[in-house]
Amino acid sequence: MKNTKLFILFLLTAILFLSCSSNLTKTSLSNFDEILSKFHNPTSNKILIAAHRAMHTKYPENSLAAFQHSIDFGIDIIETDFRTTKDGKIVLLHDDSVDRTTNGKGKVKDFTFAQLQKMELVKTDGDTNTYRIPLAEDAFNLARGKIIIDLDIKDVSIKDLVNLVHKTNVEKQVLF
């Protein structure tokens, strides 16, 4: 627990430091190609910045808004979590229940995707927008060609997740 808190503190400090940098720009295709090149080059000295559960300082964790914010901010890697719904849909959610991250109660695997869509993700203070648990497919489509995705497999068939990676053409930008 202590190491997790230290890691989060380090990550937030790094994000704050980077936010003060005038060199950060919106991720472009050429910048993404550079990120991939540096990531796959064992002799690279470039430090890549990862956002845990996407950059959720402003938006709910693992939300599409947090994904977009990470991309816009110039983050190199998004770590995100995968779970399967009662009807076999792959969604982004860290916990096995929706209790902490939504206004609902219960286990993710006990709900259909349609039922989950009736719940709202926990909002940032003062935020009046409504955010929903996203499909992994929508997150992959949003991130395609823009950012590396670190797949944290929680409760999902690896075969189904790999098939989705291929379906959405993000093979070159994901790591397990």
Side-chain angles (χ1 to χ4, degrees), residues 11 15 24-41 44 46 48-98 101-102 104 107-122 129-176:
L11 183 60
I15 290 170
L24 277 179
T25 58
K26 197 170 191 173
T27 303
S28 65
L29 185 56
S30 62
N31 189 33
F32 178 68
D33 291 338
E34 180 184 337
I35 292 168
L36 283 179
S37 174
K38 300 296 183 189
F39 181 77
H40 291 290
N41 180 354
S44 172
K46 177 174 171 53
L48 298 177
I49 304 298
H52 189 238
R53 299 181 200 155
M55 195 169 166
H56 58 91
T57 54
K58 185 174 180 179
Y59 301 102
E61 65 183 54
N62 284 323
S63 67
L64 293 180
F67 263 62
Q68 187 62 56
H69 187 56
S70 299
I71 292 165
D72 292 345
F73 201 77
I75 298 297
D76 303 307
I77 303 169
I78 293 174
E79 178 274 345
T80 194
D81 309 280
F82 298 87
R83 297 200 174 271
T84 305
T85 62
K86 184 178 182 178
D87 56 344
K89 303 289 185 184
I90 301 174
V91 297
L92 304 186
L93 202 69
H94 178 269
D95 302 353
D96 64 344
S97 78
V98 297
T101 55
T102 75
K107 302 283 186 191
V108 176
K109 66 182 179 181
D110 294 335
F111 294 104
T112 65
F113 181 67
Q115 290 170 320
L116 289 175
Q117 289 303 283
K118 295 176 183 174
M119 300 175 195
E120 294 182 21
L121 287 170
V122 174
N129 294 307
T130 300
Y131 303 98
R132 307 282 182 207
I133 297 171
L135 286 169
E137 183 171 356
D138 293 338
F140 286 164
N141 286 330
L142 175 62
R144 185 177 38 256
K146 299 173 187 159
I147 197 165
I148 295 173
I149 311 163
D150 178 3
L151 312 178
D152 189 345
I153 300 166
K154 297 294 186 191
D155 184 18
V156 64
S157 156
I158 293 175
K159 180 181 178 185
D160 291 344
L161 188 55
V162 168
N163 287 340
L164 185 58
V165 164
H166 289 301
K167 177 183 175 186
T168 55
N169 299 310
V170 293
E171 300 94 334
K172 293 181 181 180
Q173 69 188 81
V174 297
L175 57 114
F176 289 82

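We're numbering straight along the sequence, starting at 1. The analysis underlying the following values was restricted to heavy atoms, covering all of them including side chains, and did not include hydrogens, waters or symmetry mates. What you see is a predicted model, and the numbers here were worked out from it, not measured in a lab.
Between the side chain of Asp87 and the backbone N or O of Phe113, at least one donor-acceptor pair lies under 3.5 Å. In terms of modelled atom types and a separation under 3.5 Å, the side chain of Asp76 and the main chain of Ile49 share a donor-acceptor contact. Side-chain atoms of Arg83 never come within 3.5 Å of backbone atoms of Lys109 as a donor-acceptor pair (strictly under, hydrogens ignored). Arg132 places a side-chain N or O within donor-acceptor distance of the main-chain N or O of Gln117, the cut-off being under 3.5 Å. Judged purely by atom type and a 3.5 angstrom limit, Thr112 has no side-chain atom pairing as donor or acceptor with the backbone of Lys86. Side chain of Ser44 to backbone of Asn41: no donor-acceptor contact under 3.5 angstrom is found. Between the side chain of Gln173 and the backbone N or O of Gly145, at least one donor-acceptor pair lies under 3.5 Å.
Thr168 and Asn141 share no donor-acceptor pair across their side chains, judged by distance under 3.5 Å alone.
Sparse packing is recorded around NZ of Lys89, with 12 or fewer heavy atoms of other residues, nucleotides or ligands lying under 6.0 Å away. Atom CG of Leu48 sits in a crowded spot, with more than 12 heavy atoms from other residues, nucleotides or ligands closer than 6.0 Å.
Rounding to the nearest 0.5 Å gives a distance of 11.0 Å between OG of Ser70 and CD of Glu79. Rounded to the nearest 0.5 Å, atoms CG (Asp72) and NZ (Lys146) are 8.5 Å apart. Summarising the geometry, atom CD1 belonging to Ile153 is positioned 12.0 Å from atom OG1 belonging to Thr80; distances are rounded to the nearest 0.5 Å. Here the CD1-CD1 distance, from Ile71 to Ile78, works out to 5.0 Å after rounding to the nearest 0.5 Å. For the atom pair NE2 (His56) and OH (Tyr131), the distance works out to 14.5 Å, reported to the nearest 0.5 Å. The distance from atom CG of Leu151 to atom CG of Leu92, rounded to the nearest 0.5 Å, is 10.0 Å.
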Go through the steps for Ile90 and Glu137 under the test side chain to side chain contact (heavy atoms under 4.5 Å, CB included), then give the verdict.
CA-CA 8 Å; Ile90 301 174; Glu137 183 171 356; over 6 Å; no
Report the C-alpha separation of Val162 and Phe176 in whole Å, then their side-chain angles, then the decisive distance to 0.1 Å, and conclude whether the side chain to side chain contact (heavy atoms under 4.5 Å, CB included) test is met.
CA-CA 10 Å; Val162 168; Phe176 289 82; 3.9 Å; yes
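We find that Asp96 and Lys107 are joined by a salt bridge, their nearest charged nitrogen and carboxylate oxygen being less than 4.0 Å apart.
Using a 4.5 Å cut-off on side-chain heavy atoms (C-beta onward), Leu121 and Tyr59 make no contact. The shortest side-chain heavy-atom distance between Thr85 and Phe111 does not fall under the 4.5 Å cut-off. Contact of the Val156 side chain with the Thr84 side chain is registered, since non-hydrogen atoms from C-beta on lie closer than 4.5 Å.
The two residues His94 and Asn62 make their nearest non-hydrogen contact at N-ND2, 3.6 Å. Taking all atoms of both residues into account, the shortest heavy-atom contact from Leu64 to Leu142 is O-CD2, 3.6 Å. Contact between Thr101 and Glu61 at its shortest, heavy atoms only, is CG2-OE2, 3.7 Å. Summarising the geometry of Val108 relative to Val98, their closest heavy-atom pair is CG2-CG1, 4.0 Å, with the distance given to 0.1 Å. Residues Ile75 and Met55 come closest through the heavy atom pair CG1-SD, 4.0 Å.
Classified by interplanar angle (parallel below 30°, tilted 30° to 60°, perpendicular above 60°), the ring pair Phe140/Phe82 is tilted.
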